[in-house]
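Both backbone and side-chain heavy atoms feed into the values below; hydrogens, waters and symmetry mates do not.
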Amino acid sequence: MTNATLGAPPTDEAMRTEEQPAARSALSRQRLASAWLFLTPMLAVLAFVAGWPLLQTIWFSFTDASLADLDAARFVGLRNYFEYVDYGDGTGEWFGLFFDAQWWNAVWNTVYYTLVSVSIETVLGLIVALVLNVPFRGRGFVRAAVLIPWAIPTIVSAKMWAWMMNDQFGILNDMLMSVGILSHPIAWTASPETAMWAVIIVDVWKTTPFMALLILAGLQMVPSDVYEAAKIDGVHPVKVFFKVTLPLIRPAILVAVIFRALDALRVFDLIYVLTPNNTETKTMSVFAQENLFQFDQFAYGSAASTLLFLVIAAITLVYIKAARLNLGGGR
């Protein structure tokens with residue numbers, strides 16, 4: 001409360017205090033309006049190139065659409081997802097995507113590939129980022145060289161590694177046999193036991209630089225004063241890493257993991273080129289593509305694409321909530 005006399009006119013200081021929130025509110029509204037003005041064209045383009053095809057895909061998943069004549073598609077409800085067929089003799093059978101063993105195999109392959117590859121890439125990316133963060137002669141050249149695998153197109157990387165992993169004339173088998181690790185050549189991309197690991201090896205080789213780049217950006221933001229204080233106090237470097245460095249770069253690591261996981265969950269080109277027609281490596285994206293365009297089951301493939309979108313969206317939301325990521329930029 002103020003000491004102003006009841007009924008007395010407000011002082012100049014009180015009037016300025018009342019005007020400041022109103023001025024800030026007007027400025028906030030002006031900034032918000034400007035932000036929406038600049039974002040509207042981008043949102044419109046995004047809705048046209050992404051939103052509309054997504055809505056069409058969801059709609060086709062509830063129809064009997066065929067690639068030969070999409071205009072003749074008829075609404076069939078949830079038949080592509082699940083349908084019980086009564087044979088009339090007291091028995092029946094469930095059909096649809098939810099009861100398709102090949103679909104659930106693709107889901108498992110996708111989840112397994114994502115968990116293993118992203119985990120390995122995170123650890124290796126962290127190690128590479130820590131090395132590149134240390135000053136040494138030629139560090140700029142090494143940083144540029146490390147990014148070369150990531151810069152190579154995925155199709156080129158897949159074909160290159162397919163030749164290297166060939167069981168007859170691949171250099172990988174030749175190197176491993178020359179050092180005594182292998183006794184005979186292995187068909188890396190054709191054998192059920194090694195096909196998934198062949199894909200993971202290629203993906204780790206290609207995408208680890210991406211993880212290292214994002215984590216290195218986080219390391220560059222750590223103040224040097226923290227390390228100087230720890231050095232003066234005589235703290236062991238290992239303890240400094242786990243107690244200082246790792247907590248400070250945790251947001252960068254979490255962001256890198258979610259970006260990489262989103263990319264891994266929708267992987268298609270690497271597997272399609274490196275291990276075509278292999279059920280051991282077939283992912284959700286490959287399953288959807290086969291039904292959409294190869295098997296002429298456009299509606300069924302649309303249902304698979306819709307579930308793929310929902311799975312990725314659900315995993316993303318759960319991860320952001322569990323990791324407590326602040327994507328809004330607020331405090």
Side-chain angles (χ1 to χ4, degrees), residues 10 12-63 65 70 73 75 114 118 122 125 147 150-151 153-154 207 209-223 247-269 284-285 288 292 301-331:
D12 294 340
E13 182 179 357
M15 294 180 63
R16 286 195 300 270
T17 304
E18 294 177 357
E19 290 174 356
Q20 286 178 359
R24 286 198 299 267
S25 178
L27 182 60
S28 299
R29 289 196 297 269
Q30 184 179 0
R31 290 179 176 177
L32 183 61
S34 300
W36 277 110
L37 181 63
F38 286 108
L39 287 174
T40 298
M42 183 273 295
L43 293 176
V45 173
L46 186 63
F48 178 74
V49 301
W52 176 243
L54 175 62
L55 293 177
Q56 278 192 314
T57 301
I58 296 175
W59 159 249
F60 283 132
S61 70
F62 296 105
T63 67
L70 293 178
F75 181 78
T114 301
V118 174
T122 302
L147 293 176
W150 183 47
T154 305
T207 320
F210 171 77
M211 301 293 288
L213 182 65
L214 293 183
I215 297 175
L216 180 61
L219 287 171
Q220 295 289 306
M221 299 298 293
V222 178
L248 290 177
I249 65 174
R250 177 179 174 272
I253 295 177
L254 293 177
V255 171
V257 168
I258 187 61
F259 278 133
R260 181 66 199 104
L262 291 177
D263 191 41
L265 286 170
R266 56 185 179 83
V267 63
F268 170 77
D269 45 3
M284 291 186 286
S285 295
L292 282 168
S302 297
S305 301
T306 301
L307 285 185
L308 171 61
F309 166 75
L310 294 177
V311 168
I312 294 178
I315 292 177
T316 303
L317 293 176
V318 171
Y319 178 85
I320 292 175
K321 186 68 175 178
R324 298 180 181 177
L325 291 179
N326 182 14
L327 301 180
R331 295 186 181 275

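- The two residues Ser305 and Thr57 come nearest to each other via the heavy atoms CB-CG2, 3.8 Å.
- Of the residues Leu308, Asp269, Leu265, the one that meets the side-chain contact (heavy atoms from CB on, under 4.5 Å) test with Ser285 is Leu308.
- Closest approach of Ala65 to Leu70, counting heavy atoms only: CB-CD2, 4.2 Å.
- A parallel orientation is assigned to the rings of Phe75 and Trp59, their planes being inclined by less than 30° (bins at 30° and 60°).
- For the atom pair CG (Leu262) and CD1 (Ile312), the distance works out to 7.0 Å, reported to the nearest 0.5 Å.
- Contact between Phe62 and Ile58 at its shortest, heavy atoms only, is CD1-O, 3.1 Å.
- In this structure, Leu248 CG and Leu219 CG are separated by 9.5 Å, a value rounded to the nearest 0.5 Å.
- Annotation for Phe210: atom CZ counts as buried by contact number, over 12 foreign heavy atoms lying within 6.0 Å.
- For the pair Trp150 and Leu213, the minimum side-chain heavy-atom distance is below 4.5 Å.
- Closest approach of Ala252 and Leu214 over heavy atoms only: CB-O, 4.1 Å.
- Taking the side chain as every heavy atom from C-beta outward, Tyr319 and Val257 approach each other to under 4.5 Å.
- The distance from the CD1 atom of Ile253 to the CD1 atom of Ile258 is 14.5 Å, given to the nearest 0.5 Å.
- In this structure, Val118 and Ala264 approach most closely via the heavy-atom pair CG2-CB, 4.2 Å.
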- Task: Begin with the C-alpha distance, continue with both residues' side-chain angles, and end with the deciding distance and a verdict on side-chain contact (heavy atoms from CB on, under 4.5 Å) for Trp36 and Leu43.
- Result: CA-CA 10 Å; Trp36 277 110; Leu43 293 176; 3.6 Å; yes
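- Crowding of Phe259 atom CZ: a count of heavy atoms from other residues, nucleotides or ligands under 6.0 Å not exceeding 12.
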